[in-house]
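Accompanying notes for the structure given below.
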Amino acid sequence: MKLYNTMSRRIEDFVPIVPGHVSMYCCGPTVYNYAHIGNLRTYIFEDILKRTLRRAGYSVKHVMNITDVGHLTGDGDDGEDKMEKSARESGKTVWDIAEFYTKAFFRDEEELDIIRPDIVCRATDHINDMIALIKRLEEGGHTYTAGGNVYFSIDSIDDYGKLARLNIDELKSGARIEVDSNKKNPKDFVLWFTNSKFAGQAMTWDSPWGRGYPGWHIECSAMSMKYLGEHFDIHCGGIDAIPVHHTNEIAQSEAATGKTWVNYWCHGEFLLMGNAKMSKSSGGFVTLQTLLDKGYNALDYRYFCLTGHYRSQLRFSYEALDAAKSAREGLVERVCQLKAEAAPSSAPSEKAAEYMKAFDDAMENDLSAPQALSMLWKLVKDGEVSSADKLAAIYHMDEILGLDLAKAEAPKKEAVGTEDDLKLLEERTAAKKAKDFKRADEIRDELKRRGFNVKDTPSGPILERIE
RNA sequence: GGUGCGAUACCCAAGUGGCCUAAGGGGACGGUCUGCAAAACCGUUUUUUCAUCGGUUCGAAUCCGAUUCGCACCUCCA
């Protein structure tokens with residue numbers, strides 16, 4: 001298995017700490033709004049990674065957090081708490097908001113056939129773990145208190161910014177944001193707030209530094225170490241997390257333990273909307289539900305994500321999504337045909353095995369999903385492979401792709417239309433039999449007016465709704 | 001201001017020194033089937049071409065340099 005490691009900026013051979021096992025932590029959603037399809041792209045990438053690791057023979061322990069607490073829009077005490085803002089706008093409590101969007105998130109994940117992480121941990125359930133970690137940092141001399149808040153001092157360690165390759169001296173901190181005057185170094189960050197500019201926070205907890213709430217990096221360090229140990233294999237997230245969030249996670253984690261925290265850093269690239277990234281703040285906000293409402297299947301979007309490499313920006317467009325939809329539906333239809341012809345063979349032929357291996361090789365080479373997909377299509381169209389072997393190989397591949405092909409059923413188009421419509425359809429069949437083609441065509445036109453296409457399949461005529 | 005990344009045929013998108021006269025999908029077109037369509041299946045479509053210009057090399061989409069355009073990051077963001 002080969003994986004690109006952001007830390008080394010190279011594709012490396014993956015070697016787990018414990019042979020046969022992989023510990024993986026993925027940054028989860030901040031639940032103050034729906035996930036947009038750009039967010040979802042990252043979770044699809046992580047799901048594919050997990051499935052590929054399993055294929056490569058590892059058992060995977062996958063942990064993901066839910067950020068359901070005071071997540072300020074700024075790293076300093078500026079900006080506004082997203083949870084609070086969302087709660088105020090909707091007239092609900094912050095706890096309701098968190099619950100609501102957490103549910104919505106997992107509904108999306110299910111639709112997308114994303115395997116649920118082994119452990120999903122809420123930040124609000126782990127405040128004590130965070131406090132313990134901050135204490136440990138305090139004891140190690142990595143913190144200071146100013147203006148009522150506890151800060152991490154980046155000058156207390158000597159390799160701050162190694163993941164992002166930040167050149168501290170040349171950074172223009174404060175060029176675009178207001179500098180928190182409490183900070184000794186502009187890149188210092190808050191571990192614990194007791195004195196927010198924003199009074200009346202609903203979510204606060206007692207701590208050795210006073211009642212307050214955690215800074216926004218500490219949860220990932222505390223929870224990942226709790227469930228995976230102080231040294232684990234893989235940490236994933238979106239590329240945007242590299243310069244600040246992951247950089248600060250590394251700083252506080254390694255300052256606390258005094259040793260390497262994570263071996264492999266894997267980051268998913270952004271989904272672009274038109275020519276700009278999709279984001280919650282700057283418009284172009286498309287959710288999975290938006291796509292479902294337009295008549296797409298969630299797996300059309302999953303397929304679309306698979307057509308691009310996870311480390312490349314992918315441009316979203318409805319044109320491209322339509323292409324993915326057509327491709328995926330074609331695939332499903334072929335699989336249904338194969339299923340009608342044969343059961344998956346238990347011992348695929350050499351040729352089929354070659355396709356499977358080529359597929360696995362592509363996936364295990366830094367998740368080259370587009371190449372792997374092309375293997376799938378070549379297999380499907382290969383006239384020398386039997387239906388039984390094709391099915392077996394397709395199922396094997398789909399364990400990673402997650403397109404639900406084993407369960408795939410041809411869309412039930414017979415059920416479409418009213419009784420009256422179906423009666424007309426029968427009439428047409430009769431007219432055709434009697435070679436009254438004029439009448440048959442009239443009926444077809446009538447059905448078209450009613451919104452249906454007539455398809456004559458080997459198993460008889462069916463109606464299909466015109467979209 | 002600083003730092004990265006990218007530009008591939010009608011569209012999306014792989015490929016990053018010779019197996020590339022560029023994978024795969026979509027679209028379009030043609031054929032088979034059909035009374036005719038639709039659907040399905042098969043095929044064609046890109047045939048020295050991979051932003052532009054120059055260079056390295058026996059050999060470049062792939063390496064180097066310059067140019068143009070686009071994107072991202074240094075602010076919250078997946």
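Order of the sequence lines fixes the chain letters, A, B, ..., with proteins taken first and strands second; residue numbering starts at 1 for each chain. Note that these values count all heavy atoms, side chains included, but never hydrogens, waters or copies made by symmetry.
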- Can the positive tip of A:Lys294 be found less than 6.0 Å from the middle of the six-membered ring of A:Tyr318, inside 45° of the ring normal? yes

- How are the rings of A:Trp265 and A:His235 set to each other: parallel, tilted or perpendicular (split at 30° and 60°)? parallel

- Query: With rounding to whole Å, what would you report as the distance between B:rG25 and B:rU45 at their P atoms?
  - Reply: 14 Å

- When you compare B:rC64 with B:rA7, how far apart are their P atoms, in angstrom units rounded to a whole number? 13 Å

- Item | Listed nucleotide nearest any side-chain atom of A:Ala327, set B:rC77, B:rG26, B:rG35 | B:rG26

- Nearest-Å distance, CG (A:Asp441) to C1' (B:rU34)? 12 Å

- With A:Asp118, which residues qualify under side-chain hydrogen bond (donor to acceptor under 3.5 Å, both in side chains), at least two apart? none

- Message: Among residues at least two apart in sequence or on other chains, which ones pass side-chain contact (heavy atoms from CB on, under 4.5 Å) with A:Ser221?
- Response: A:Leu133, A:Met225, A:Glu249, A:Gln252, A:Ser253, A:Trp261

- Side-chain heavy-atom pair A:Val262, A:Met7 within 4.5 angstrom cut-off: no

- Item | Gap in Å between the two P atoms, one belonging to B:rA22 and one to B:rC58, rounded | 25 Å

- Item | Distance-only polar pair, side chains of A:Asp108 and A:Tyr43, donor-acceptor under 3.5 Å | no

- Note on the structure: Per atom distances to the A:Asp456 side chain, the nearest of B:rA23, B:rC36, B:rA78 is B:rC36

- Taking for A:Met375 and for A:His245 the nucleotide of RNA chain B with the nearest heavy atom, the one nearer the 5' end belongs to A:Met375

- Separation between the C1' atoms of B:rG24 and B:rC36, rounded to whole Å: 34 Å

- Do A:Tyr160 and A:Asp155 get their side chains close enough for a donor-acceptor pair, meaning under 3.5 Å? no

- Query: Say you pick atom P in B:rG59 and the same atom in B:rG6; how far apart are they, in whole Å?
  - Reply: 26 Å

- Message: So, does A:Lys187 get its side chain near the phosphate of B:rU75, meaning an N or O under 4.0 Å from OP1 or OP2?
- Response: yes

- Query: A:Pro243 side chain: which of B:rC71, B:rC73, B:rG27 is closest?
  - Reply: B:rC73

- Query: For A:Asp441, what residues pass the salt bridge (charged side-chain N to carboxylate O under 4.0 Å, His left out) criterion, not counting sequence neighbours?
  - Reply: A:Arg444

Find every protein N or O atom lying less than 3.5 Å from an N or O atom of nucleotides 40-45 of chain B, and list the pairs.
unit_1	atom_1	unit_2	atom_2	d
B:rC41	OP1	A:Arg334	NE	3.4
B:rC42	OP2	A:Arg334	NH2	3.2

- Item | RNA chain B base-pair string [pairs: Watson-Crick or G-U under 3.5 Å; |: paired with another strand] | ((((((((.[[[..)..(.....]]]((((((.......)))))).....[[[[[..)....]]]]])))))))....

- Can you find a donor-acceptor pair, distance only, under 3.5 Å between A:Asp322 side chain and B:rG27 base? no

- Note on the structure: Residues at least two apart in sequence or cross-chain that pass salt bridge (charged side-chain N to carboxylate O under 4.0 Å, His left out) with A:Lys162, listed by chain then number, are A:Asp159, A:Glu254

- Message: If you take the centroid of each ring, where Trp contributes its six-membered ring, are A:Tyr101 and A:Tyr34 closer together than 6.0 Å?
- Response: yes

- Look at A:Arg439 together with A:Glu442 and state whether they make a salt bridge at an N to O cut-off of under 4.0 Å. yes

- Message: Per the side chain to side chain donor-acceptor pair (under 3.5 Å) rule, what does the pair list look like for residues 297-310 of chain A, sequence neighbours excluded?
- Response: A:Asp47-A:Arg302, A:Asp300-A:Arg328, A:Tyr303-A:Trp377, A:Tyr310-A:Asp366

- Note on the structure: A:Tyr32 OH to B:rA78 C1', in whole Å, measures 11 Å

- Sequence-distant partners of A:Arg449, salt bridge (charged side-chain N to carboxylate O under 4.0 Å, His left out), two or more places apart: A:Glu446

- Pair of N/O donor and acceptor under 3.5 Å linking B:rA39 base with A:Asn453 side chain: no

- Send over the distance from A:Ile462 CD1 to B:rA38 C1', rounded to a whole Å. 10 Å

- Between C1' of B:rA7 and CD of A:Glu269, the distance in whole Å: 15 Å

- Could you state the CZ-C1' distance from A:Arg311 to B:rC71, rounded to the nearest angstrom? 17 Å

- Item | Those residues that, when tested against A:Glu350, pass salt bridge (charged side-chain N to carboxylate O under 4.0 Å, His left out) (two or more places apart) | none

- Check whether the aromatic ring of A:Phe437 stacks on the base of B:rG35, taking stacking as ring centres less than 5.5 Å apart and planes within 30° of each other. yes

- Task: For nucleotides B:rG31 and B:rA37, find the distance between their C1' atoms and express it as a whole number of Å.
- Result: 16 Å

- Message: I'd like to know if A:Arg444 reaches the base of B:rA37 with its side chain such that a donor and an acceptor end up less than 3.5 angstrom apart.
- Response: yes

- What integer number of Å spans the P atoms of B:rA9 and B:rU46? 13 Å

- May I ask you to say what A:Lys432 touches in the nucleic acid, namely base, sugar-phosphate or nothing, with a heavy-atom cut-off under 4.0 Å? base

- Item | Which residues share a ring-ring contact (aromatic ring centres under 6.0 Å, His included) with A:Phe106, sequence neighbours left out | none

- Item | Interface with RNA chain B, restricted to residues 6-14 of chain A and to heavy atoms under 4.0 Å | none

- Message: Output one letter per nucleotide in nucleotides 9-15 of chain B: B when a protein non-hydrogen atom lies under 4.0 Å from the base, S when only the sugar-phosphate is that close, - when neither is.
- Response: --SSSSS

- Message: Using a heavy-atom cut-off of 4.0 Å across all strands, would you classify A:Gly268 as base, sugar-phosphate, or nothing?
- Response: nothing

- Would a line drawn from the ring center of A:Phe316 to the ring center of A:His36 be shorter than 6.0 Å? no

- Item | For atom CG of A:Asn33 and atom C1' of B:rC77, their distance in whole Å | 12 Å

- Gap in Å between the two C1' atoms, one belonging to B:rC5 and one to B:rU48, rounded: 29 Å

